[in-house]
Every structure is written in C-alpha cells, then in structure tokens.
Amino acid sequence: MDAEITFSINELASDFNVTTRTLRFYEAKALISPKKEGQRRIYSQSDRERLSFILRGKRLGFSLAEIAEMLDLYESDNKKKFQSKVIIDNIKEHIEILKYKRKDIDKTLQEMLSLVKEYE
DNA sequence: CTTCTGACA
DNA sequence: TGTCAGTA
C-alpha cells in the first residue's frame, strides 16, 4: 500500500552530484541515517531533504560538525523540550553567523559589481 | 552489475 | 574525499 519513494545510494548520489563515498562518509558522521535493507542503504525523501540541507550548509561555509549540530537541534525540539532555551540560543547563534555571512556576500558582491562595471 | 566495509593516499 | 580490494 505504501508507495514510499526511495532511492539507492547511486541514485541519490547522482541526483545531487556527489559520490557514493560522500554519502557513506556523511553517514559515518551521523549526518544521515538511511534505512538498511540487509546491507543495502535505502534513502527516503526525508533523507533527500537532509542531504539537501547538508550540501547547502557546506556551500554556506559550515563545517560538517556544525551542520550535524544544526540538524539534531532542528529535530530535537520535539523530544528535548526541557532544553528548549539551550536549543533556541544555539539557533539564534546560527542566525547571527548567517547574517554576517550575508553581509560579507553583499559587500563582496557590490565590490565586484562596480569593478566589472568599470570595464564594460 | 551494484553495493559494502576497510584501508591507505 | 578518492580509490582500490575482495565480497555478498
């Protein structure tokens, strides 16, 4: 009955332009935990979203350790409600970091834009 | 032929 | 992370 859309490690890897080695590596770092069909890894849509988040985090310059932290912070707010303040504080910190990154990007963007403008 | 674990670059 | 080995 359940037409769960799943992916093999190969499909997921090619879909996101990463290697299967990378996916196993992230799993070893506990960033993704696909189901196992015997030995074979079975990736679900949620695993897909997690990978998307991980790769985006990488592009934003976060380390795998930081991404791992964000990941379990974002999913733990249901279970560990007694620690909500700590979680909120951590997320706020991430928000601040992102704001600085955005400022840097905007600054650099403006400089490059005006630079190109001089030569065209 | 695809995937897995472990090891080494 | 890439890659090579030896399997299941």
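Chain letters run A, B, ... following the sequence lines, proteins first and then strands; every chain starts at 1.
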Between [X] and [N], is there a side-chain N or O to OP1/OP2 distance below 4.0 Å?
{"X": "A/T19", "N": "C/dT1", "value": "no"}
{"X": "A/R40", "N": "B/dT2", "value": "no"}
{"X": "A/K29", "N": "C/dT1", "value": "no"}
{"X": "A/T20", "N": "B/dT2", "value": "no"}

Find the partner of C/dT7: check Watson-Crick (N1-N3 plus N6-O4 or O6-N4) and G-U wobble (N1-O2, O6-N3) distances, both under 3.5 Å, and reply none if neither fits.
-> none

For A/R21 and for A/E11, find the nucleotide of DNA chain B with the closest heavy atom, then tell me which residue's nucleotide is more 5'.
-> A/E11

Nearest-Å distance, [atom1] ([X]) to [atom2] ([N])?
{"X": "A/Y43", "N": "B/dT2", "atom1": "OH", "atom2": "C1'", "answer": "13 Å"}
{"X": "A/Y26", "N": "B/dC4", "atom1": "OH", "atom2": "P", "answer": "17 Å"}
{"X": "A/F7", "N": "B/dT2", "atom1": "CZ", "atom2": "C1'", "answer": "18 Å"}
{"X": "A/L23", "N": "B/dT5", "atom1": "CG", "atom2": "P", "answer": "13 Å"}
{"X": "A/I42", "N": "B/dT2", "atom1": "CD1", "atom2": "P", "answer": "16 Å"}

Report which part of the nucleic acid A/S8 touches: base, sugar-phosphate, or nothing (heavy-atom distance under 4.0 Å, all strands).
-> sugar-phosphate

If you check the A/Q39 side chain, which of C/dA8, B/dT5, C/dG2 turns out closest?
-> B/dT5

Selected nucleotide, minimal atom distance to A/R24 side chain, candidates B/dT5, C/dA8, C/dT1 | B/dT5

Can you confirm whether [X] is buried at [atom1], in the sense that more than 12 heavy atoms of other residues, nucleotides or ligands lie under 6.0 Å from that atom?
{"X": "A/E111", "atom1": "CD", "value": "yes"}
{"X": "A/K101", "atom1": "NZ", "value": "yes"}
{"X": "A/L109", "atom1": "CG", "value": "yes"}

Counting N and O atoms only, with roles assigned by atom type, does the side chain of A/T108 sit under 3.5 Å from a partner on the main chain of A/D104, one being a donor and the other an acceptor?
-> yes

Quick one: does A/E11's side chain have a donor or acceptor within less than 3.5 Å of a partner on A/S8's backbone?
-> yes

